[in-house]
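Here's the structure we're looking at; comments come further down.
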Amino acid sequence: MPSAPIELSLQDGGRVTVAPGSSARQALIAAGLDLADGALLASIDGEVVELDRPLVHGGELKAITFAEPRGAEAYRHTASHVMAQAVKRIYPDAVLAIGPAIEDGFYYDFGLDETIRPDDLPRIEEEMARIVAEDLSLVRRELPASEAKALFESRGESYKVELIEDLGQDVVTIYEQGEFADLCRGPHLSSTGAVAAFKLLSTAGAYWRGDENREMLQRIYGTAFDTPDALEEYIHNREEAEKRDHRRLGPELELFSIRDEIGPGLVIYHPRGAVLRTVIEDYLKQEHARRGYELVISPHIMRKSVWETSGHLDMQYPMYFFEIEGQGYGIKPMNCPAHIAIYKSRTRGHHELPIRYFELGTVYRHERSGVLHGLLRVRGFTQDDAHIFCTMEQAADEIDGAIRFAFEAQRTFGFTEFKIALSTRPDHSVGNEEDWSKATEVLKSALESNGLDYFIDEGEGVFYGPKIDVKLRDAIGRLWQGPTIQFDFNLPRRFEMSYVGPDNSEHTPVMIHRTVLGSMERYMGILIEHYAGAFPAWLAPVQVEILPIADRHVEHAEGLARKLRSRSVRVQVNDERETTGNKIRKAWKMKVPYMIVVGDREVESQSVSVRSLAGRDERGVDLERFTAELLDEIASRRSCEV
RNA sequence: GCCGGCGUAGCUCAAUUGGAAGAGCAUCGCACUUGUAAUGCGAAGGUUGGGGGUUCGAUUCCCUCCGCCGGCUCCA
């Protein structure tokens with residue numbers, strides 16, 4: 001405890017001095033920072049301090065509000081303690097597990113024989129409101145581990161005891177509020193009364209420590225915000241996100257369906273979805289060819305022995321196996337072995353490298369039933385898969401090219417914001433340190449030379465090599481798994497791949513796996529949600545719908561359709577006998593980007609009336625002008641914001 | 001796979017304590033020939049996810065299987 005006055009500097013350049021032993025709250029008040037502005041915590045030189053803890057040293061003083069991630073996190077963490085306290089009051093037998101803040105909210109896990117059902121959440125919320133009204137102080141205490149253990153043992157909190165044991169610390173911290181005590185590192189708000197707006201969202205099962213061999217706990221998810229309005233907005237955004245759900249929009253727009261009678265996790269593409277997929281695939285084939293990739297095609301099933309060689313059998317990769325005339329076969333869960341087989345079909349010399357094989361490879365994986373999710377997690381899917389075989393010296397250029405390719409493609413499809421992770425060597429891995437560090441360096445410098453921001457996910461690489469994962473931020477701010485680029489030090493050795501080097505001896509090539517989009521299924525799911533089903537013209541399954549006013553205009557409409565089709569525009573004529581209003585409504589619901597109305601006036605003047613999803617509404621447009629603009633829009637693959 | 005919830009017409013949803021399965025949209029037929037987000041009338045559509053049980057009687061209660069949803073875990 002300092003005995004001298006504590007010197008604090010402020011952001012605005014001011015300085016204050018407070019008496020030794022002053023709390024952060026007192027310092028903020030002394031500094032004239034209004035606590036009513038929503039200070040939840042304070043920071044000294046960037047280090048978080050709770051409001052009611054005495055300052056141990058001086059430095060730059062700042063208030064932390066909800067607007068800051070650290071503020072929101074403490075706020076929600078406190079909310080999770082409030083929820084846990086409420087649960088303990090209602091269910092005295094509930095045993096506390098863990099309850100952290102997460103993105104957008106918090107959860108708490110409980111061990112409890114009695115089932116907490118969604119219907120019970122309002123009751124828990126009422127109790128939470130009571131605890132907030134009680135305005136209980138959160139008191140932080142440091143205890144010797146043995147004492148803390150005794151405390152939680154006496155309360156029957158066996159999970160907390162286990163946590164303390166595993167922490168292996170001499171001293172642990174606990175937070176108390178009223179009758180409730182929790183093992184917790186903090187930081188927390190100073191009082192339960194500070195939690196202004198919260199809502200419990202759902203219940204779920206979760207394994208203790210995420211281990212499926214351990215007991216199943218009951219988890220309650222909730223969220224909390226600093227104002228009721230912010231909470232309201234969050235709930236509203238959730239509802240909006242639901243409207244974009246590809247599982248709803250996909251069947252509605254007649255893109256695809258996943259049907260019980262066909263099988264779970266297996267996608268059937270309806271005509272419109274098949275068009276969309278074909279457009280994407282054509283784009284990919286064209287772009288790959290342009291960048292020196294060679295298109296290859298491999299079978300859906302391969303001998304079981306191949307999967308022994310690859311190691312998939314040993315690691316019990318979730319595959320489907322069966323027999324043909326007594327011989328074991330597996331349905332391919334990936335395309336690599338076939339690409340390697342093509343490479344190995346003859347002796348390769350270093351002059352040939354790099355070799356880049358690309359395949360739209362359809363693979364099947366036995367995903368467990370509980371994890372299936374629309375198009376995002378399926379059992380059969382088609383990867384835009386490529387394998388690059390090269391020398392370590394060539395790897396830098398290859399990675400650079402793959403990165404440029406991936407980002408150019410993502411931008412073409414309308415994504416402009418990314419979160420990029422570089423995963424480094426995990427504990428259990430194959431290959432030598434030199435290769436790993438070289439490869440990691442190659443990935444790093446390629447990201448940097450392309451001006452891409454990334455973060456390093458330490459030790460999170462796959463066992464066979466370092467990798468780059470790209471997440472895409474969609475129109476409403478959500479992140480989706482996108483391209484990956486990975487080194488593989490495993491398969492080239494397992495399959496005994498080689499090339500003859502300039503020294504006339506055999507060398508093992510470097511293998512790089514990479515995708516540009518990921519899989520057709522998942523990417524279509526992401527696109528549907530990103531555009532809320534209203535695709536840019538180049539992707540739209542139907543680009544133009546022609547709406548004749550009356551029967552006598554159908555022939556003219558068909559003529560226009562033929563003209564547009566001859567220019568490769570995807571056109572449909574609605575020749576049903578309905579009112580024009582209804583035809584517009586239907587085309588609108590199917591999110592057709594352009595609607596063309598033709599009646600007497602248009603036939604007479606050889607023009608069209610154009611309406612677009614994007615908001616255009618224009619009468620008497622010259623057909624040639626419309627066609628030219630449309631063709632330009634399609635050819636440029638523009639993403640118009642709808 | 002595990003925990004919890006759910007499953008009624010193609011879709012969205014009704015059906016009192018266990019007592020005759022219903023509506024809107026979509027579909028089909030007829031009429032209407034239409035000018036920018038729903039024309040009118042009519043018809044058809046169901047072993048209430050499958051199987052079993054309790055009961056005089058089951059959409060309703062119980063068991064089981066399948067599937068979906070929210071999670072755990074994993075990944076394209």
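Order of the sequence lines fixes the chain letters, A, B, ..., with proteins taken first and strands second; residue numbering starts at 1 for each chain.
- The cationic atom of A/Arg76 (NZ for Lys, CZ for Arg) lies less than 6.0 Å from the six-membered ring centre of A/Phe225 and within 45° of the ring axis.
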Side-chain donor-acceptor contacts of residues 479-492 of chain A below 3.5 Å, not counting sequence neighbours, with atom names and distances?
unit_1   : atom_1 : unit_2   : atom_2 : d
A/Trp480 : NE1    : A/Asp474 : OD2    : 2.8
A/Gln486 : OE1    : A/Tyr464 : OH     : 2.4
A/Asp488 : OD1    : A/Asn490 : N      : 2.7
A/Asp488 : OD1    : A/Leu491 : N      : 3.0
A/Asp488 : OD2    : A/His513 : NE2    : 2.6
A/Asn490 : OD1    : A/Arg494 : NE     : 3.4

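- For the pair A/Gly374 and A/Gln486, nearest-nucleotide mapping onto RNA chain B gives the more 5' position to A/Gly374.
- One C1' atom belongs to B/G22, the other to B/G5, and the distance between them is 26 Å to the nearest Å.
- A/Arg248 has no side-chain polar atom (N or O) that falls below the 4.0 Å cut-off from OP1 or OP2 of B/C68.
- Tested against A/His366, the residues A/Phe321, A/Tyr320, A/Tyr317 include a single ring pair (Phe, Tyr, Trp, His ring centres under 6.0 Å) partner, A/Tyr320.
- Residues from residues 378-387 of chain A lying near RNA chain B, meaning a heavy-atom separation below 4.0 Å, are A/Val378, A/Phe381, A/Gln383 in numerical order.
- Residue pairs meeting the salt bridge (Lys or Arg N to Asp or Glu O under 4.0 Å) criterion with at least one partner in residues 210-220 of chain A, sequence neighbours excluded, are A/Asp109-A/Arg219, A/Glu162-A/Arg214, A/Glu212-A/Arg368.
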- Taking Watson-Crick and G-U wobble contacts under 3.5 angstrom, with | marking pairs to another strand and [ ] crossing pairs, the secondary structure of RNA chain B is written (((((((..((((.....[..)))).(((((.......))))).....(((((..]....))))))))))))....

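- Looking at residues 254-270 of chain A, you'll see A/Asp260, A/Pro264 sit with a heavy atom under 4.0 Å from some atom of RNA chain B.
- A/Arg522 has no side-chain polar atom (N or O) that falls below the 4.0 Å cut-off from OP1 or OP2 of B/C75.
- Checked against side chain to side chain contact (heavy atoms under 4.5 Å, CB included), A/Leu266 has the following partners two or more places apart in sequence or in another chain: A/Ile262, A/Tyr364, A/Arg379.
- Between the CG atom of A/Asp245 and the P atom of B/C69 there is a distance of 9 Å, rounded to whole Å.
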Sequence neighbours left out, cut at 3.5 Å: what donor-acceptor pairs do the side chains of residues 591-598 of chain A make with other protein atoms?
unit_1   : atom_1 : unit_2   : atom_2 : d
A/Lys591 : NZ     : A/Ala532 : O      : 2.9
A/Tyr594 : OH     : A/Glu633 : OE1    : 2.5

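- Annotation: B/G40 and B/A14 have their P atoms spaced 25 Å apart (nearest Å).
- Taking the six-membered ring where tryptophan is involved, the planes of A/Phe407 and A/Phe418 are perpendicular, since the angle between them exceeds 60° and thus also 30°.
- Ring pair A/His339/A/Tyr357 is perpendicular by interplanar angle, where above 60° counts as perpendicular and below 30° as parallel.
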Enumerate the protein-to-nucleotides 11-14 of chain B contacts in which both atoms are nitrogen or oxygen and the separation is below 3.5 Å.
none

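- The salt bridge (Lys or Arg N to Asp or Glu O under 4.0 Å) analysis of residues 246-258 of chain A, with sequence neighbours excluded, yields the pairs A/Asp245-A/Arg247.
- Nucleotides B/G52 and B/C68 place their C1' atoms 23 Å apart, quoted to the nearest Å.
- By the 4.0 Å N-to-carboxylate-O rule, A/Lys589 lies too far from A/Glu545 to be salt-bridged with it.
- At the heavy-atom level, A/Arg552 lies under 4.0 Å from the strands shown only through sugar-phosphate atoms.
- Classification of the A/His246-A/His373 ring pair by plane angle, with boundaries at 30° and 60°, yields tilted.
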- Message: Please encode protein proximity along nucleotides 35-46 of chain B as a string of B, S and -, counting only heavy-atom distances under 4.0 Å.
- Response: BBBBS-------

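- Donor-acceptor pairing under 3.5 Å is lacking for the side chains of A/Glu618 and A/Ser609.
- Judged purely by atom type and a 3.5 angstrom limit, A/Thr223 uses its side chain to pair as donor or acceptor with the backbone of A/Asp104.
- As rounded to the nearest Å, B/G4 and B/C13 have C1' atoms that lie 24 Å from one another.
- Classified by interplanar angle (parallel below 30°, tilted 30° to 60°, perpendicular above 60°), the ring pair A/His81/A/His77 is perpendicular.
- Comparing the C1' positions of B/G49 and B/U8 gives a spacing of 10 Å, expressed to the nearest Å.
- Using atom P as the reference point in both B/G1 and B/U39, the two lie 47 Å apart (nearest Å).
- Taking atom C1' on both B/A76 and B/C63, the two are 39 Å apart, rounded to the nearest angstrom.
- A salt bridge links A/Glu398 to A/Arg356: one of the charged nitrogens lies within less than 4.0 Å of a carboxylate oxygen.
- Qualifying salt bridge (Lys or Arg N to Asp or Glu O under 4.0 Å) partners for A/Glu529, counting only residues two or more places apart in sequence or in other chains: A/Arg478.
- Rounded to whole Å, the C1' atom of B/C32 lies 16 Å from the corresponding atom of B/A38.
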- Can you check ring-ring contact (aromatic ring centres under 6.0 Å, His included) on A/Tyr108 and A/Phe110, steps first, answer last? CA-CA 7 Å; A/Tyr108 213 110; A/Phe110 305 95; 5.1 Å; yes

N/O contacts under 3.5 Å, protein versus nucleotides 72-74 of chain B?
unit_1 : atom_1 : unit_2   : atom_2 : d
B/C72  : O4'    : A/Gly205 : O      : 3.4
B/C72  : O2'    : A/Tyr207 : N      : 3.2
B/C74  : O2     : A/Arg377 : NH1    : 2.2
B/C74  : O2     : A/Arg377 : NH2    : 2.3
B/C74  : N3     : A/Arg377 : NH1    : 3.1

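- For the atom pair CG (A/Asp385) and OG (A/Ser519), the distance works out to 11.0 Å, reported to the nearest 0.5 Å.
- Applying side-chain contact (heavy atoms from CB on, under 4.5 Å) to A/Phe256 and the options A/Ile268, A/Leu276, A/Val267 leaves one that passes, A/Val267.
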